[in-house]
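Keep in mind that what you see is a predicted model, and the values were worked out from it rather than measured. All values below come from the heavy atoms of this structure, side chains included, with hydrogens, waters and symmetry mates left out.
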Amino acid sequence: MPSREPAALETREVDHLVSKLLAEIKVPFDSLGPRVLNQLSDLKKILSADYAEVPALPSKPLLRELAQIVENDINRHASAYGGPADLGSPQLLGYLGKIFGPRELELRAEPYRTGAGLALRGFYCRARLGDKSKFVIFVNTAHHPGAVAATLGHELGHYIYGSLIGEKAAHTAFMEGAFANHLLEEDELFADSLVALAAYSPELIKKIGGLSQLRPGFSDDLFKRIKSAYDLIGRRYGLDLTKGKMAAAWRVRYLTSMAHFFKLRCALYKSAGV
């Protein structure tokens, strides 16, 4: 019995935190159908995970190299090529392609609502088109612009990972909605790390405050920090999860995505100092 007590307390703490977050984005409890409950399961895994201790977290040297790439090759060129909100700039893609080739980067961005519909956020595909070897990225622009930017950044992360580590992953990979699954794969966490590093500077993480493992009695503190991150990202991308037109399942999914990238960013600062 004593060994079960911490787990029970942690579960209660996560449930308390989830309740506060749902109230913040105005998701009523009577809307918690199967789709929303499925998304809540992923959110709870994200909130309870200790990101600094995740085995799939890339090595510190690799994370530091990625941080330099984000700073020197992406953020520093924001005025000329577009920043995190405009990673699809042809100039920026061409610039990154020259550095991290030999595959040429090609972006295909369009709204997609048929078939898998919004469940498809994006994917990459390594292909040979004519005499050119290409890394093709598709992003579903039917999503909110903030989600589109995160998806594109994630797929660019896969492109850079293949350049630094080698193209060991599948030739085609889809970005699915269960972010807790990303904690099990180094290439997925590396790709997510690019998004996290581009979205939050070290100064912002210091200002908001880092995160530690969720412990009994600390859910209110974690809620305040996640809310601060949400307010920051919301202003930058015009994201308001309280809007009635957005389905409850997608409010929870976008919240999960934001919490995932924020917790990952805090872990990068804590574990690798970037």
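- For the pair R265/P202, a side-chain contact is recorded, criterion being any heavy-atom separation below 4.5 Å from C-beta on.
- Using a distance-only test at 3.5 Å, with no hydrogens or angles considered, a donor-acceptor pair links the side chain of R236 to the main chain of A199.
- Residues passing the salt bridge (Lys or Arg N to Asp or Glu O under 4.0 Å) test with E106, sequence neighbours excluded: R108, K134.
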Test side-chain contact (heavy atoms from CB on, under 4.5 Å) applied to L197 and I74, step by step: CA-CA 10 Å; L197 288 164; I74 295 179; over 6 Å; no

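- To the nearest 0.5 angstrom, L241 atom CG is 7.5 Å from M258 atom CE.
- Side-chain contact between I233 and F262 is absent, with no heavy-atom pair separated by less than 4.5 Å.
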Check step by step if side-chain contact (heavy atoms from CB on, under 4.5 Å) holds for D15 and V18. CA-CA 5 Å; D15 287 343; V18 168; 5.5 Å; no

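- Not a single side chain to side chain contact (heavy atoms under 4.5 Å, CB included) links K207 to another residue, sequence neighbours left out.
- By the side chain to side chain contact (heavy atoms under 4.5 Å, CB included) test, L93 is found to be paired with L105, L107, L156, residues two or more places apart in sequence or in another chain being considered.
- The shortest distance between side-chain heavy atoms of E188 and H158 falls below 4.5 Å.
- Summarising the geometry, atom CG belonging to L96 is positioned 10.5 Å from atom OG belonging to S163; distances are rounded to the nearest 0.5 Å.
- Other residues, nucleotides and ligands contribute over 12 non-hydrogen atoms within 6.0 Å of the NZ atom of K20.
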Output side-chain donor-acceptor pairs under 3.5 Å for residues 53-63, partner residues at least two apart or in another chain, one line each.
unit_1	atom_1	unit_2	atom_2	d
S59	OG	L62	N	3.4
K60	NZ	S271	O	3.4

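- The salt bridge (Lys or Arg N to Asp or Glu O under 4.0 Å) check on D240 picks up nothing, with sequence neighbours excluded.
- Put simply, the side chain of K44 does not reach to within 4.5 Å of the side chain of T11, judged on heavy atoms.
- With sequence neighbours excluded, the residues forming a side-chain hydrogen bond (donor to acceptor under 3.5 Å, both in side chains) with K227 are D231, listed by chain and number.
- Looking at heavy atoms from C-beta onward, L194 lies out of side-chain contact with H154 at the 4.5 angstrom threshold.
- Nearest heavy atom pair, residue A248 against residue V27, reads CB-CG1, 4.0 Å.
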Which donor-acceptor pairs under 3.5 Å do the side chains of residues 140-152 make with protein atoms, sequence neighbours left out?
unit_1	atom_1	unit_2	atom_2	d
N140	OD1	Y112	N	2.7
N140	OD1	A142	N	3.0
N140	ND2	Y112	O	2.8
N140	ND2	L120	O	2.9
T141	OG1	E110	O	3.4
H143	ND1	Y254	OH	2.8
H143	NE2	L118	O	2.7
H144	ND1	G146	N	2.9
H144	NE2	G238	O	3.1
T151	OG1	R121	NE	3.3
T151	OG1	A147	O	2.9

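- Remark: N72 CG to I99 CD1 distance equals 9.5 Å, nearest 0.5 Å.
- Residue A52 comes nearest to A267 through the heavy atom pair N-CB, 3.8 Å, listed as atom of the first residue, atom of the second, then distance.
- Considering all non-hydrogen atoms of both residues, T256 and L43 come closest at OG1-CB, 3.3 Å.
- A donor-acceptor distance shorter than 3.5 angstrom exists from the side chain of R64 to the backbone of A272, with no hydrogens or angles considered.
- Electrostatic pairing of D42 and R253 does not count as a salt bridge here, judged by no charged N lying under 4.0 Å from a carboxylate O.
- Qualifying side chain to side chain contact (heavy atoms under 4.5 Å, CB included) partners for S41, counting only residues two or more places apart in sequence or in other chains: K45.
- The aromatic ring centres of F179 and F261 sit less than 6.0 Å apart.
- At distances below 3.5 Å, at least one donor-acceptor pair connects side-chain atoms of K263 with backbone N or O atoms of I46.
- L47 has its side chain within reach of I226: a pair of non-hydrogen atoms, C-beta onward, lies under 4.5 Å apart.
- In this structure the side chain of E186 reaches within 4.5 angstrom of the side chain of Y161, judged on heavy atoms.
- Across all their heavy atoms, I208 and R225 have their closest contact at CG2-O, 3.7 Å.
- In terms of heavy atoms, G153 sits closest to V195 at C-CG2, 3.6 Å.
- Residues satisfying the ring-ring contact (aromatic ring centres under 6.0 Å, His included) test with Y159, not counting sequence neighbours, are F135.
- For Y230, there are no ring-ring contact (aromatic ring centres under 6.0 Å, His included) partners, not counting sequence neighbours.
- Side-chain contact between V252 and L22: present, with at least one pair of heavy atoms (C-beta onward) separated by less than 4.5 Å.
- Remark: K224 pairs with no residue by the side-chain hydrogen bond (donor to acceptor under 3.5 Å, both in side chains) rule, at least two apart or across chains.
- Interatomic distance, L66 CG to Q68 CD, rounded to the nearest 0.5 Å: 10.0 Å.
- The line from CZ of F190 to NE2 of H182 is 15.0 Å long, rounded to the nearest 0.5 Å.
- A search for side chain to side chain contact (heavy atoms under 4.5 Å, CB included) contacts involving R128 returns S133, not counting sequence neighbours.
- Listed here is the closest heavy atom pair of L268 and A196: CD1-CB, 4.5 Å.
- To the nearest 0.5 Å, atom CG of residue L239 and atom OG of residue S257 are 9.5 Å apart.
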